[in-house]
Amino acid sequence: MLCCWIVSVISMNWFINGGILETKAGLLGDGGKMWLKCLEKVSGNSCKIHHLYYQYIGSKRIRKTWWRKLLVAWIVGWIIVSVWIFWYMSSQAFEKRKETLASMCDERARMLQDQFNVSMNHVQAMSILIATFHHGKNPSAIDQRTFARYTERTAFERPLTSGVAYAVRVIHSEREQFEKQQGWTIKRMDTFEQSPVQKDDNVAKALEPSPVQEEYAPVIFAQDTVAHVVSLDMLSGTEDRENVLRARASGKGVLTAPFRLLKTNRLGVILTFAVYKTDLPSNAMSNERIQATDGYLGGIFDIESLVEKLLQQLASKQTILVNVYDITNQSHPISMYGSNVSDDGLEHVSALNFGDPFRKHEMRCRFKQKPPWPWLAITTSIGILVIALLIGYIFHATMNRIAKVEDDFHEMMELKKRAEAADVAKSQFLATVSHEIRTPMNGVLGMLHMLMDTELDATQQDYVRTAQDSGKALVSLINEVLDQAKIESGKIELEAMQFDLRAIMDEVLALFSGKAHEKGVELAVYVSDGVPEMLIGDPGRFRQIITNLMGNSIKFTKRGHIFLTVHLVAEVMDSIDVETESSSRNTLSGLPVADRCRSWVGFKTFNPEGSSHTLLPSSSDLINLIVSVEDTGEGIPLEAQPRVFTPFMQVDPSISRKYGGTGIGLSISKCLVGLMNGDIGFVSIPDIGSTFTFTAVFSNGCSNSNDSKLQKQRLKTQTNTMSSKFQGMTALVVDPKPVRAKVSRYQIQRLGIRVELVLDLNQGLSSISNENKVVNMVFIEQEVWDKDSSISALFVNKLQKIDLGVSPKLFLLGNSLSSSRTNTATSGVYTPSVITKPLKASMLADSLQRAMGGNKGNPCNGEHPSLSLRKLLVGRKMLIVDDNNVNLMVAAGALKKYGADVVCADSGQKAIKLLKPPHKFDACFMDIQMPEMDGFEATRRIRDMESNWHIPILAMTADVIQATYEECQRCGMDGYVSKPFEAEQLYQEVSRFLQPTSSANL
C-alpha cells in the first residue's frame, strides 16, 4: 500500500510540476528514457492509486521523522540500485567486447589454417609429380631447369610458400657415383647454417663436404628463390634431419620448429613430404615406408609474411594484435609472429592445426587499445540516480504541498457550489424578471387590445396602435435576452411537432408587409415545389430565425427588394438554375445583389469530408432545407463582417445609434440553426446588399401517427376549401422579370390555378386569343401596365373585342405606392382590380372571390384566427386562474370577446374547489406562479381528484424559462400558453381539445 501511495504522489506531482521528469529525459540517454517510460505506465493508473490514497491515508498529515527516514531509505536504496546497474551494464559491455575479440581471432585463425592447408595440398601433389616423372621415368623427365620453371609458374597455387626444394635419398655406397653424375659434392647443412648465404649463390661451393654417413639427402631440385640449397645434405642439419626422418616414417607432412630462414633471416618452417616408390601400398608399415623412400620434398613457409598478407586482407586488421606461437613445448612456446606489446589485458587464444600431429600451434589475439570508458553504464546509472533524487525531492515537495492542494480542493469545491448556486440564482432571477416584466406587459397589451375594440377616432387609434407596437417590441426584446440566457446555460431545446412551412412563410410576409409598404421595398417569398407540404420540427424557432433575418433586411433596406426563398438542399446542389437565378440581371427588383452561392461556402452540407454529422441528402424521412434571405440594402462593412454572429456586437456604433437593436438576433439564430443540425452563413457587399443563408433538417410530416393524420387532414381540408372554387381555372401572368413572375406563379398555383407566363401585353393578347384554351384571369405587373398607357388602353380594347363567352378578369400586381395610375388606361367594366404585394395565397383567394362575385362571408382558408376562435369558444365555459387582477381582466376579456363564458379565480385553492367533479367547465387556463399554491401543485391536486373525469388545463404564465412544455406535462397539464398571448397561439392550443360548436354559425 505504501508503494501505491508513493506512485500516486509521483503521478500527481508529474502534472503539478509541469512534467519535470519529461524535461530531464533528454539528458539521461537511452537508459533514462527506459525508466521514464516505466514511470509513465505506472502513472497511467494514478486515478485508482489516488482512490487508495484517500481511502487509507486521506488528509492526515504524516509525521516528519517517519517521512525523513523513508526519504533516506529511498535515496540509499536507489544508490545501491545505481551501483548495481553500473556493474551489470559494465559486465555486459565487457562480455560483448570479449565476444567480439573471440570472433575476430577465430576468423583470422580459420583463414590462416585454410590457406596453409591449400598450400600443403599443392606441395603434396608436387611430391606425387616427382615420384611419377622423375623416379618413374628412365631417364628422368625432370631436371633442375624444368623443376625451377615449373615451380615458378605454379607459385600462385602456393601463395604461402617462399620456395620448394627436392632432396633425393642417396646411400653411402652410391655417393661417389652420384656426385660425379651431378658434378658437385654433397655439402654439410650445419656449416651453411653457421655461414648463411646472402647474395652470392657461388659461396655454396666453398662449403665443407658432408661427412661420411649411411645415407644422404642432397637437394637436387630447387625453386629459383631457394636455389642456394642445391647440393646441401638435409640429413646433416639437426632440425632438417629430424624432420626428414619423421616424414618418411609417418608418410604425412611434418613441420619443423620455427627457425630463421636462410638469406631472409625471417622466421619460418619447412613442410616435408617423403617421396615413395609408386608401388608402395597405402597401409604400409613404418619400416616398409623407410625402405621405399626415394627422396624428400620440402616447402618453405615464411610465417611472418604469411600472417601479414592475411591481415592485409581484413579491413579491421588494425583493431587487434595477432601473435602466432609454436607450443609443442608448453613450457617454452616459440613466437612465430607478432609482438607482445599491448595495453589491453584481454586475450583470446585460437588453436591452429597445420596437419602435423607432433607440432602444436596457436593464435593469440589482443585489442590494440584499452577498452573505452563504459559511458552508457555511467550515464544510465547516474541518470537513474538523478531521477531517484528528483523523485525524492518531489516526494519531499509533495508532502509539503499535499495539504495545500487538499485545502485548495476544498476551496475549489466550495467555489464550484457557489458558482452553481449563482447560476441557479441567475436562472431564477431571469425567470422572476421575465415574469415580473411580462405580467404587467401582458396587462398593458391586453388592455390596449381591448381598447382597440372600443369606439376611437383616428388619432386615438393611432396612439393605441403605437403603444401596442412599443409593448410588443419590449416583449420581443425580453424574449431575445431570455433566449440568449438559455443558450448560455445550455437549456434551450427544440420541439418536434407537425407544421405547414408555407403557412409560416405567409405569416412572416404578413408580419413585415406593413414596413415594406412604408419603405417602398418589394417583399416576396418563394417555396420550391419539392419541399413537402408538412414537416415535423420546431415551427416557433424556425419562424424566429426567419423573422430575425427578415427584420434585419427590412431595417437596413431602403430600396429594391427582400426575397425569401426555401429549397431542398438537393435542388441547390443539382440545379444550376437555382444557383444562378439571382444574378444582377435576373433579380426580383432588377437591382444587383450579393451572390447567394458564396453565402453557403464552407457549409457541412456541401462538404462531405467535413464534420461527422454532415447532412445527408433529403430522403423520405429527413428533409434538408436551405433558406436564403436576399436584400438590396446597405450591406455590411468588410471590417465588421467577422463579428456579425457575436452576441451584443453591433456592426458599427453609428449604425447602432441610427437603427438601434440589441445585436443578439443573429447570435440566437446561429445557435438555433446549430440545434437544427444546420449551418448559417452570409455574403455581403457594401452598397449592394446582403444574402443570409442557413440550412435546417426536419422530418417528413407524412407520418402515420394519429395526431399527425388529424392535423394534416385539417390543414388539407382548409387548403382544399380555399382552392376548390378555383380548381381548373387558367391564369395569365404578364411580367418581364423571370424571378418576379416565378414568385407570382408560385402563389397563384397554391389556389389550384394553372398559370402561364408571358413577357409583355402583346404576348398576353396572343395567348388569350387562342381558341384552344380559356383564360379566366389576367395578372399584369404594375410596372408593365404603367410603362405605356396607350398600349395598356389598346390591350383593354382588344380584350373587349375577343369573343370568349366569359371575359377574363383583369388584375394588377403592384406595390401600394405605385397603384395611383391604374385608372388612366382603363375604361368600362375592364377597370382592373389591384392586388397589393406581397402576394399570399389567402389574400389572392379573397381578392379573386371579391372580383369574381364570390361569397365574401364564406370562411375559406385564410380566415382570421379570431373567426376560428369564435367557432371554438362560443358558448364554452372557461375557468381562468391567476393571482393578478389585471391579468384576470385581460384573459377574461380576450375569451369573452370570442363568445366564451368566463369564470375567474385568484388562487389555486379556489380553482381546486371549482374543478371538483362534477363541474361544467370545458377548459381551464392556469397561471403557474402564484402565492401559497402554484399552478403545478394545483394541477396535481386536480388530477388526483379526477377519476373518470378530465378537463383540459392550459398553463398560462409569463415565465418562459421554468414553465417549459415538459414541466407542464409532468404535472398533468395539457398545454402551454405564454403571456401575453395572441389569437393564433390561443387557437393553436384550444383547437387540440375543443371542436367547433353548433352555435358558431349563429
**OP:** Could you tell me the separation between the CD atom of Glu507 and the CZ atom of Arg502, rounded to the nearest 0.5 Å?
**Re:** 14.5 Å
**OP:** Would you give the length of the straight line joining atom CZ of Phe726 to atom CE of Met777, rounded to the nearest 0.5 angstrom?
**Re:** 6.5 Å
Original post:
Quick one: do the Ser589 and His561 side chains pair a donor with an acceptor below 3.5 Å?
Top reply: yes
Original post:
How many angstroms lie between CG in Leu523 and NZ in Lys519, if you round to the nearest 0.5 Å?
Top reply: 12.0 Å
Subject >> Nearest non-hydrogen partners of Pro838 and Leu509, listed with the distance >> reply: CB-CD2, 3.8 Å
Subject >> Test: Arg740 and Glu783 ion pair at under 4.0 Å >> reply: yes
Original post:
After noting the C-alpha distance and the side-chain angles of Glu634 and Lys555, does the key distance pass the salt bridge (Lys or Arg N to Asp or Glu O under 4.0 Å) rule?
Top reply: CA-CA 10 Å; Glu634 299 178 359; Lys555 184 188 302 183; over 6 Å; no
Subject >> Aromatic plane relationship, Phe499 with Phe542 - under 30° parallel, 30 to 60° tilted, over 60° perpendicular >> reply: tilted
Original post:
Between Thr691 and Glu630, do the side chains contain an N or O donor and an N or O acceptor separated by less than 3.5 Å?
Top reply: no
Original post:
Regarding Thr730 and Glu756, is there a side-chain donor-to-acceptor distance under 3.5 Å anywhere?
Top reply: no
Original post:
Would Phe694 and Phe603 count as a close aromatic pair, with their ring centres under 6.0 Å?
Top reply: no
Original post:
Any donor and acceptor pair, going by atom type alone, linking the side chain of Gln544 with main-chain N or O of Gly540 inside 3.5 Å?
Top reply: no
**OP:** To the nearest 0.5 Å, tell me how far Ser847 OG sits from Lys809 NZ.
**Re:** 13.5 Å
Subject >> Considering all heavy atoms, the nearest Met452-Gln461 contact >> reply: SD-O, 4.2 Å
**OP:** Work out which heavy atom in Ala741 is nearest to a heavy atom in Asp735; give both atom names and the distance.
**Re:** N-OD2, 3.7 Å
Subject >> Side chains of Arg465 and Gln468, donor plus acceptor under 3.5 Å >> reply: no
Subject >> Exceeds 12 heavy-atom contacts within 6.0 angstrom, atom NZ of Lys840 >> reply: yes
Original post:
Should the pair Asp506-Arg750 be classified as a salt bridge under the 4.0 Å nitrogen-to-oxygen rule?
Top reply: yes
**OP:** Take Leu810 and Phe795, measure what side-chain contact (heavy atoms from CB on, under 4.5 Å) needs, and give me the verdict at the end.
**Re:** CA-CA 11 Å; Leu810 189 61; Phe795 177 80; 4.1 Å; yes
Original post:
Backbone N or O of Asp595 within a donor-acceptor pair of the Ser599 side chain at under 3.5 Å?
Top reply: no
Original post:
For the side-chain contact (heavy atoms from CB on, under 4.5 Å) test, which of Asn700, Leu625, Asp500 pairs with Leu535?
Top reply: Leu625
**OP:** Test Val644 against Ile636 for side-chain contact (heavy atoms from CB on, under 4.5 Å), laying out the working first.
**Re:** CA-CA 9 Å; Val644 163; Ile636 304 173; 4.0 Å; yes
Original post:
Counting distance only, does the side-chain N/O of Ser513 pair as donor-acceptor with the main-chain N or O of Ala510 below 3.5 Å?
Top reply: yes
Subject >> Ionic contact status for Arg541 with Glu495, cut-off 4.0 Å >> reply: no
**OP:** Quick one: do Trp600 and Ile626 satisfy side-chain contact (heavy atoms from CB on, under 4.5 Å)? Show the steps, please.
**Re:** CA-CA 9 Å; Trp600 58 63; Ile626 181 167; 3.4 Å; yes
Subject >> CD1-SG distance between Ile680 and Cys671, expressed to the nearest 0.5 angstrom >> reply: 11.0 Å
Original post:
CZ/Arg754 to CG/Leu732 distance, rounded to the nearest 0.5 angstrom?
Top reply: 13.0 Å
**OP:** Identify whether the distance between the nearest side-chain nitrogen and carboxylate oxygen of Glu522 and Arg559 falls below 4.0 Å.
**Re:** no
**OP:** Please report the shortest heavy-atom distance between Val778 and Pro808, naming the atom on each side.
**Re:** CG2-CB, 4.2 Å
Original post:
Can Leu848 and Phe811 be said to form a side-chain contact (heavy atoms from CB on, under 4.5 Å), step by step?
Top reply: CA-CA 9 Å; Leu848 293 179; Phe811 298 93; 3.4 Å; yes
Original post:
Any donor-acceptor pair under 3.5 Å linking the side chain of Glu571 with the backbone of Leu568?
Top reply: yes
**OP:** Measure the acute angle between the ring planes of His567 and Tyr526, then classify it against the limits of 30° and 60° as parallel, tilted or perpendicular.
**Re:** tilted
**OP:** Tell me yes or no: between the side chains of Thr693 and Arg596, is some donor less than 3.5 Å from an acceptor?
**Re:** no
